[in-house]
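In what follows, chains carry the letters A, B, and so on, assigned in the order in which the sequence lines appear, proteins first and then strands, with residues in each chain numbered from 1.
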2 protein chains.
Amino acid sequence: MATDRLSVIFAALADPTRRAILARLAEGDATVSELAEPFAISLPAISRHLKVLEHAGLISRSRSAQWRSSSLNPEPLREATAWMERYRQFWDANFDRLDAHLRRMRQAQATPTDNDKTPTDNDKQ
Amino acid sequence: MATDRLSVIFAALADPTRRAILARLAEGDATVSELAEPFAISLPAISRHLKVLEHAGLISRSRSAQWRSSSLNPEPLREATAWMERYRQFWDANFDRLDAHLRRMRQAQATPTDNDKTPTDNDKQ
DNA sequence: TCGTTAATTAACTTATCGGTTAAACGTAGA
DNA sequence: TCTACGTTTAACCGATAAGTTAATTAACGA
């Protein structure tokens with residue numbers, strides 16, 4: 001696997017078990033066995049998934065006695081989203097669609113719309 | 001690798017060459033050799049990267065004569081972003097930050113801020 | 001101190017990834 | 001029809017991912 005930061009993040013997310021672990025951690029910190037409980041795989045396998053998530057910076061871990069608690073660290077998700085953000089113009093007719101969506105979520109007042117699409121740079125990796 | 005749709009998408013993105021190809025396609029359609037040009041890897045390798053991207057739904061391809069043109073298909077990025085979106089509350093103090101960001105991109109007028117965070121469901125995979 | 005519990009490490013297996021070179025395919029043009 | 005070009009397929013290689021079971025580590029508690 002590629003070792004650049006973004007690749008490590010996306011690779012960590014490319015597994016349903018790891019995504020489910022993140023979903024669980026969104027509800028609050030948990031120990032390894034708590035995280036393992038819903039799955040039909042061994043504890044060492046979970047332990048390795050956690051290592052992958054930790055290596056990607058998606059979780060951080062602490063120990064108290066014999067328990068190791070994991071907690072969600074969403075910063076890498078922000079990075080990954082930031083990378084995708086530049087393609088948003090291709091799937092949203094314009095940025096106002098998202099704007100409108102956010103407003104709907106907040107049950108807030110109407111918003112003016114305009115049309116200047118912001119051109120986006122490319123990265124070469 | 002896991003075969004569920006989201007895993008296939010994230011896995012496709014977990015490679016810098018493939019992300020660079022997507023970046024190139026954001027500027028417009030391109031043939032295989034045009035896409036290969038910036039890279040120090042063989043044409044068959046590029047061909048396989050394209051197959052991965054196509055399988056993930058990130059590009060679609062057409063042929064005219066002996067040239068195969070690829071074009072960006074951003075729908076899967078929308079799906080991936082949608083999955084991450086639920087974690088946004090963990091890295092943004094509130095959704096207004098994004099709102100503000102969008103406004104800045106549009107060089108539009110100031111926006112009022114409020115504080116209702118929208119709670120988010122979890123998926124179990 | 002001894003047993004129990006929580007978790008990790010070690011050793012191994014199987015499958016897949018990302019690259020290579022060589023061969024084959026499909027179309028256009030001389 | 002033959003050749004050249006753009007691309008894919010085939011066969012292979014070395015590295016690594018994701019799982020297993022068994023052994024080890026680390027801390028607590030009787």
Side-chain angles (χ1 to χ4, degrees), chain A residues 1-22 24-25 28-71 76 124-125, chain B residues 1-22 24-25 28-71 125:
Chain A
M1 192 203 43
T3 56
D4 65 280
R5 189 164 166 75
L6 218 37
S7 295
V8 168
I9 295 168
F10 280 128
L13 296 175
D15 182 284
T17 302
R18 288 194 290 263
R19 289 198 306 280
I21 287 173
L22 293 178
R24 166 62 186 81
L25 291 176
D29 296 2
T31 65
V32 178
S33 1
E34 284 168 351
L35 291 172
E37 195 272 325
F39 302 106
I41 62 180
S42 68
L43 219 56
I46 296 292
S47 192
R48 284 232 294 247
H49 280 308
L50 292 175
K51 202 171 290 183
V52 171
L53 290 171
E54 185 178 27
H55 184 233
L58 284 159
I59 66 173
S60 54
R61 319 181 71 184
S62 63
R63 69 187 309 161
S64 102
Q66 65 265 100
W67 293 276
R68 315 237 168 152
S69 181
S70 298
S71 67
K124 290 311 176 205
Q125 71 105 5
Chain B
M1 192 203 43
T3 56
D4 65 279
R5 189 162 165 75
L6 218 36
S7 295
V8 168
I9 295 167
F10 281 128
L13 296 175
D15 183 283
T17 301
R18 287 194 291 264
R19 288 197 307 280
I21 288 174
L22 293 178
R24 166 63 187 79
L25 291 176
D29 297 2
T31 65
V32 178
S33 0
E34 284 168 352
L35 291 172
E37 196 273 325
F39 303 105
I41 62 180
S42 66
L43 221 54
I46 297 291
S47 191
R48 282 231 298 245
H49 280 307
L50 293 175
K51 201 172 291 182
V52 171
L53 291 170
E54 185 178 28
H55 184 233
L58 284 158
I59 65 173
S60 54
R61 319 182 69 185
S62 62
R63 68 186 312 160
S64 101
Q66 63 265 95
W67 294 273
R68 314 237 167 153
S69 180
S70 299
S71 67
Q125 72 106 2

Point to revise | Value rounded to 0.5 Å, distance of CD1 in A/Ile21 from CG in A/Leu50 | key: 5.0 Å
Exercise for review: Calculate, to the nearest 0.5 Å, the distance between atoms CG and OG1 belonging to B/Asp15 and B/Thr17 respectively.
Suggested key: 4.5 Å
Which protein N or O atoms sit under 3.5 Å from an N or O of nucleotides 14-19 of chain D?
| unit_1 | atom_1 | unit_2 | atom_2 | d |
| --- | --- | --- | --- | --- |
| D/dA18 | OP1 | A/Arg18 | NH2 | 3.2 |
| D/dA18 | OP2 | A/Arg18 | NH1 | 3.2 |
| D/dA18 | N7 | A/Arg48 | NH2 | 2.9 |
| D/dG19 | OP2 | A/His49 | NE2 | 2.4 |
| D/dG19 | N7 | A/Arg48 | NH2 | 2.5 |
| D/dG19 | O6 | A/Arg48 | NH1 | 3.1 |
| D/dG19 | O6 | A/Arg48 | NH2 | 2.9 |

Review point. Can you list the residues that meet the side chain to side chain donor-acceptor pair (under 3.5 Å) rule with A/Arg5, with sequence neighbours excluded?
Key: A/Glu79
Check your understanding: For A/Thr31, does its backbone N or O pair with a side-chain atom of A/Glu34 as donor and acceptor, under 3.5 Å?
Key -> yes
Exercise for review: Check for a donor-acceptor pair, side chain of B/Arg18 on one end and backbone N or O of B/Ala11 on the other, with a separation under 3.5 Å.
Suggested key: yes
Point to revise | Nearest heavy-atom neighbours spanning A/Ser71 and A/Leu25 | key: C-CD1, 4.5 Å
Check your understanding: What closest approach, in Å, do A/Phe10 and B/Leu13 show between heavy atoms, and which atom pair accounts for it?
Key -> CD1-O, 3.5 Å
Rounded to whole Å, please give me the gap between [atom1] in [X] and [atom2] in [N].
X       : N      : atom1 : atom2 : value
B/Leu53 : D/dT8  : CG    : P     : 12 Å
B/Ile46 : C/dG18 : CD1   : P     : 12 Å
B/Leu43 : C/dG19 : CG    : P     : 13 Å
B/Lys51 : C/dC17 : NZ    : P     : 13 Å

Review point. Just by distance, with hydrogens left out, do B/Arg19 and A/Ser7 show a side-chain donor and acceptor under 3.5 Å apart?
Key: yes
Study note, to complete from the structure: Walking DNA chain D from its 5' end, the first of B/Glu34 and A/Pro44 to be reached, judged by nearest nucleotide, is B/Glu34
Point to revise | Sugar-phosphate or base contact per nucleotide [nucleotides 25-30 of chain D; S, B, -; heavy atom under 4.0 Å] | key: -SBS--
